[in-house]
Amino acid sequence: MDDVNPDIPDPRDDDDELPQPVQGQVRHQSRSARVPEQVGAGVFSNGVMILTGQYECLLDFVLRMGEVQRVVTRVVLPPVVARQFERALRDNLHNYETRFGTVPRMPRPVPQPADDEDEVPREPGSAPVQIGGTGGPQPPRATQIDDIYHDLRFPEDLYSGRYANAVLIRHSGTEFCFDFLCNAYPKSVVSARVFLAAPHVPPFLESLTRSLQPPEPPGTLDDTIA
């Protein structure tokens, strides 16, 4: 027989009183998500920058208008949700064009003729000549991410972003509305609401599709120069 110290309670006697793990499956209704007052008005954006990593996809919605260009909100999506969002946006854009026709393209500025006095005379067909400096003409430097963000105002309270694991898309004839949702117990909440003019959506979709493509495996690119 086992030796038992009567002063120490046997935990086997209290098995029924021990806390048991709580498990459950939560089902969310996105259309009944709570909309916080500070999010309800939404933000307007006319550009999106996409940063992808192994564990997240960052969508930085930008307002490029006026003297100060700024990030108006950052949304953090898990990669699987980002891919679902890409497919949903493609379907939504198709529905838009079925109802309203092809999305108009963004207008481009009309090229302005340069002043004759500022042009450097050169022989017809010759390449532009660099004036000053050392060496020959320099190839254009590839744009770096630091260059892009350097000219943007990025409020510190947006650094961590607004987490979302679902997206609700709506549209009218002129704009799209994105409700980024955080589905978590006990209530689904709209963490960010963003408005994009319809012409901005196709470029956004193209960029999102490219960003979510898996990287090319080594050795698949032909680096041979003919």
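What you see below is based on every heavy atom in this structure, not just the backbone, and it leaves out hydrogens, waters and symmetry mates. Since this is a predicted model, take the numbers as computed values, not measurements.
- With rounding to the nearest 0.5 angstrom, the CG atom of Leu59 is 6.5 Å from the CG atom of Leu208.
- Annotation: the span from Arg210 atom CZ to Leu205 atom CG amounts to 10.0 Å, rounded to 0.5 Å.
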Under 3.5 Å, sequence neighbours excluded: what are the donor-acceptor pairs made by side chains of residues 190-198?
{"unit_1": "Ser191", "atom_1": "OG", "unit_2": "Tyr163", "atom_2": "O", "d": "2.9"}
{"unit_1": "Ser191", "atom_1": "OG", "unit_2": "Phe180", "atom_2": "O", "d": "3.0"}
{"unit_1": "Arg193", "atom_1": "NE", "unit_2": "Asp179", "atom_2": "OD1", "d": "2.7"}
{"unit_1": "Arg193", "atom_1": "NH1", "unit_2": "Gly40", "atom_2": "O", "d": "3.0"}
{"unit_1": "Arg193", "atom_1": "NH2", "unit_2": "Asp179", "atom_2": "OD2", "d": "3.0"}

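- The CZ atom of Arg70 sits 14.5 Å away from atom CG of Asp60, with the distance rounded to the nearest 0.5 Å.
- In this structure the side chain of Val39 never reaches within 4.5 angstrom of the side chain of Val189, judged on heavy atoms.
- Side chains of Met49 and Leu152 form a contact here, defined as non-hydrogen atoms less than 4.5 Å apart.
- In terms of modelled atom types and a separation under 3.5 Å, the side chain of Gln112 and the main chain of Val110 share a donor-acceptor contact.
- Put simply, the side chain of Ser211 reaches to within 4.5 Å of the side chain of Thr52, judged on heavy atoms.
- Put simply, the side chain of Ile169 reaches to within 4.5 Å of the side chain of Phe176, judged on heavy atoms.
- Linking ILVMFWY side-chain heavy atoms closer than 4.5 Å, directly or via other members, places Phe204 and Val103 in a single hydrophobic cluster.
- When all heavy atoms are compared, the tightest approach of Gly161 to Val76 is CA-CG2, 4.1 Å.
- With sequence neighbours excluded, the residues satisfying ring pair (Phe, Tyr, Trp, His ring centres under 6.0 Å) with Phe100 are Tyr96.
- Clustering ILVMFWY residues whenever any of their side-chain heavy atoms sit less than 4.5 angstrom apart, transitively, puts Phe44 in the very cluster that holds Val75.
- Here CZ of Phe61 is found 12.0 Å from NE2 of His200. Values are rounded to the nearest 0.5 Å.
- Partner of Val43 under the side-chain contact (heavy atoms from CB on, under 4.5 Å) criterion, chosen from Val72, Leu63, Val71: Val72.
- Criterion: ILVMFWY side-chain heavy atoms under 4.5 Å apart, direct or through other members. Under it, Tyr149 and Val48 are not part of a common hydrophobic cluster.
- Distance check, rounded to the nearest 0.5 Å: CD of Glu97 to CG of Leu93 gives 4.5 Å.
- Here the side chain of Ser45 pairs a donor or acceptor atom with the backbone of Val62 at under 3.5 angstrom.
- Side-chain contact between Arg74 and Phe154: present, with at least one pair of heavy atoms (C-beta onward) separated by less than 4.5 Å.
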Would you list the atom pairs, donor with acceptor, under 3.5 Å between side chains in residues 77-87 and any protein atom, with sequence neighbours excluded?
{"unit_1": "Glu86", "atom_1": "OE2", "unit_2": "Arg90", "atom_2": "NE", "d": "3.3"}
{"unit_1": "Glu86", "atom_1": "OE2", "unit_2": "Arg90", "atom_2": "NH2", "d": "2.7"}
{"unit_1": "Glu86", "atom_1": "OE2", "unit_2": "Thr209", "atom_2": "OG1", "d": "2.9"}

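- Within 6.0 Å of atom CZ in Arg64, more than 12 heavy atoms from other residues, nucleotides or ligands are found, so the atom counts as buried in its surroundings.
- At a threshold of 4.5 Å between side-chain heavy atoms, the hydrophobic network of Ile, Leu, Val, Met, Phe, Trp and Tyr places Ile50 and Phe178 in one connected group.
- To the nearest 0.5 Å, the span separating NE2 on His171 from SG on Cys177 amounts to 12.0 Å.
- Residue Tyr159 places its OH atom among more than 12 non-hydrogen atoms of other residues, nucleotides or ligands, all under 6.0 Å distant.
- At most 12 heavy atoms of other shown residues, nucleotides or ligands fall within 6.0 angstrom of atom CD in Glu37.
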